[in-house]
Amino acid sequence: MSKSIQLAILASGNGTNAQQIAEHFADKPEVNVNVIIYNKKDAYVATRARQLGIEARYFNRHDFLETDDVLHFLQERSIDYVILAGFLLLVPQNLLDAFPNRIVNIHPALLPKYGGKGMYGHNVHEAVVANHETETGITIHIVDQHYDRGTTLFQARCSVTPTDTADDVAAKIHLLEKAYFPPVIESFVLHKEMPKQER
Ligand code: GAR
């Protein structure tokens, strides 16, 4: 049997996406969530990782941006793909060079709208509501040296009603993330193809 594909998940906060990805692959021998790396000491994702029986490894901002520690760690683990699941640091060039087209991010909006520095998590949903958007969604994309750019792999949409609050939008987005992020990762790393786009 060929070696399973090794994933490293990078996260900064709550970790619902990291958990959903780990649960999705738990019974799939072809793909293994090797480690969850987090960069905020108090990130709840570390607790989730331990509950899932997956190693959680902390690296701080300096480790990421000023050293090759993260790179060497990923290489020692023979990581094939890096998955950003609510990871809020700009990915440094050493990782981009080592994992060309092998770093995937999820963004909680229909990029190129509502992307860029400062546009993450709840800020995005607040901006969507403030601008009276009638739809929003998720974008899963390859990571490059800019925030929220890089080739789009998949988008899914949901409506925004005039009475929706940012929390309401967040709830809709979390449902899309749960439904689509794990299977899109699976299709990409195993088959280099995407599920049919939601419209
Ligand atoms: C998710 O909604 C994800 O799309 C978003 O952060 C949230 C993390 O939630 N990512 C970004 O905004 C990236 N720019 P989680 O920690 O519960 O998975």
Side-chain angles (χ1 to χ4, degrees), residues 7-26 33 35-52 54 56-59 61 64-65 81-92 95-96 103-131 133 135-158 160 164-185 188 198:
L7 304 185
I9 299 177
L10 272 52
S12 300
N14 187 352
T16 54
N17 280 281
Q19 178 168 349
Q20 284 153 193
I21 295 162
E23 288 172 345
H24 178 85
F25 289 113
V33 177
V35 63
I36 296 178
I37 293 176
Y38 61 106
N39 70 316
K40 297 255 190 248
K41 265 246 151 77
D42 57 352
Y44 188 65
V45 70
T47 303
R48 290 184 194 268
R50 287 182 203 107
Q51 287 166 353
L52 289 158
I54 295 173
R57 181 63 84 97
Y58 172 73
F59 287 98
R61 184 187 167 82
F64 268 98
L65 302 184
Y81 290 88
V82 176
I83 309 297
L84 310 188
F87 183 70
L88 304 182
L89 272 184
L90 190 63
V91 175
L95 298 189
L96 293 170
I103 307 179
V104 176
N105 181 44
I106 188 160
H107 187 76
L110 295 171
L111 291 173
K113 290 177 111 176
Y114 302 103
K117 195 165 165 51
M119 274 293 164
Y120 58 85
H122 220 67
N123 295 350
V124 176
H125 311 314
E126 281 168 14
V128 163
V129 168
N131 286 337
E133 295 285 355
E135 69 168 9
T136 186
I138 58 170
T139 303
I140 299 168
H141 67 96
I142 301 287
V143 173
D144 67 11
Q145 63 271 38
H146 305 284
Y147 277 111
D148 305 322
R149 301 249 288 268
T151 307
T152 295
L153 299 174
F154 180 85
Q155 287 187 316
R157 291 156 198 275
C158 60
V160 181
D164 275 347
T165 64
D167 282 342
D168 295 329
V169 174
K172 292 180 184 180
I173 292 296
H174 282 306
L175 288 178
L176 293 179
E177 292 178 334
K178 183 169 190 193
Y180 293 110
F181 197 22
V184 167
I185 294 167
F188 182 65
E198 267 287 291

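First listed ligand is number 1; within each ligand, the first listed atom is number 1. Along the sequence shown, the residues carry numbers beginning at 1. This is a predicted model, so every value here is computed, not measured.
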Could you tell me whether Asp164 and Lys172 make a salt bridge, using a distance below 4.0 angstrom between a side-chain N and a carboxylate O?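 Judged by the 4.0 Å cut-off on N to carboxylate O distance, Asp164 and Lys172 do form a salt bridge.
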Do the ring planes of Phe64 and Phe87 sit parallel (below 30°), tilted (30 to 60°) or perpendicular (above 60°)?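 The arrangement is tilted - the two ring planes meet at 30° to 60°.
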Do the rings of Tyr38 and Tyr58 sit parallel, tilted or perpendicular, given the 30° and 60° boundaries?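 Ring orientation of Tyr38 relative to Tyr58: tilted.
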Testing Asn123, Asp148, Asn131 for side-chain hydrogen bond (donor to acceptor under 3.5 Å, both in side chains) with Tyr114, which one passes?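 Answer after filtering Asn123, Asp148, Asn131: Asn131.
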For Val35, does its backbone N or O pair with a side-chain atom of Arg57 as donor and acceptor, under 3.5 Å?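 No.
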Give a yes or no on this: more than 12 heavy atoms of other residues, nucleotides or ligands lie within 6.0 Å of atom OH of Tyr120.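 Not buried by this count: 12 neighbours or fewer within 6.0 Å.
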Give one line per pair: atom of ligand 1, protein atom, distance. Only N/O to N/O under 3.5 Å.
residue: ligand 1; atom: 2 (O); partner: Glu177; partner atom: OE1; Å: 3.3
residue: ligand 1; atom: 2 (O); partner: Glu177; partner atom: OE2; Å: 2.8
residue: ligand 1; atom: 4 (O); partner: Glu177; partner atom: OE2; Å: 2.5
residue: ligand 1; atom: 12 (O); partner: Gly121; partner atom: N; Å: 2.9
residue: ligand 1; atom: 14 (N); partner: His107; partner atom: ND1; Å: 3.2
residue: ligand 1; atom: 16 (O); partner: Asn14; partner atom: N; Å: 3.4
residue: ligand 1; atom: 16 (O); partner: Gly15; partner atom: N; Å: 2.7
residue: ligand 1; atom: 17 (O); partner: Gly15; partner atom: N; Å: 3.4
residue: ligand 1; atom: 17 (O); partner: Thr16; partner atom: N; Å: 2.9
residue: ligand 1; atom: 17 (O); partner: Thr16; partner atom: OG1; Å: 2.5
residue: ligand 1; atom: 18 (O); partner: Thr16; partner atom: N; Å: 3.4
residue: ligand 1; atom: 18 (O); partner: Thr16; partner atom: OG1; Å: 3.3
residue: ligand 1; atom: 18 (O); partner: Asn17; partner atom: N; Å: 2.9
residue: ligand 1; atom: 18 (O); partner: Asn17; partner atom: ND2; Å: 2.9

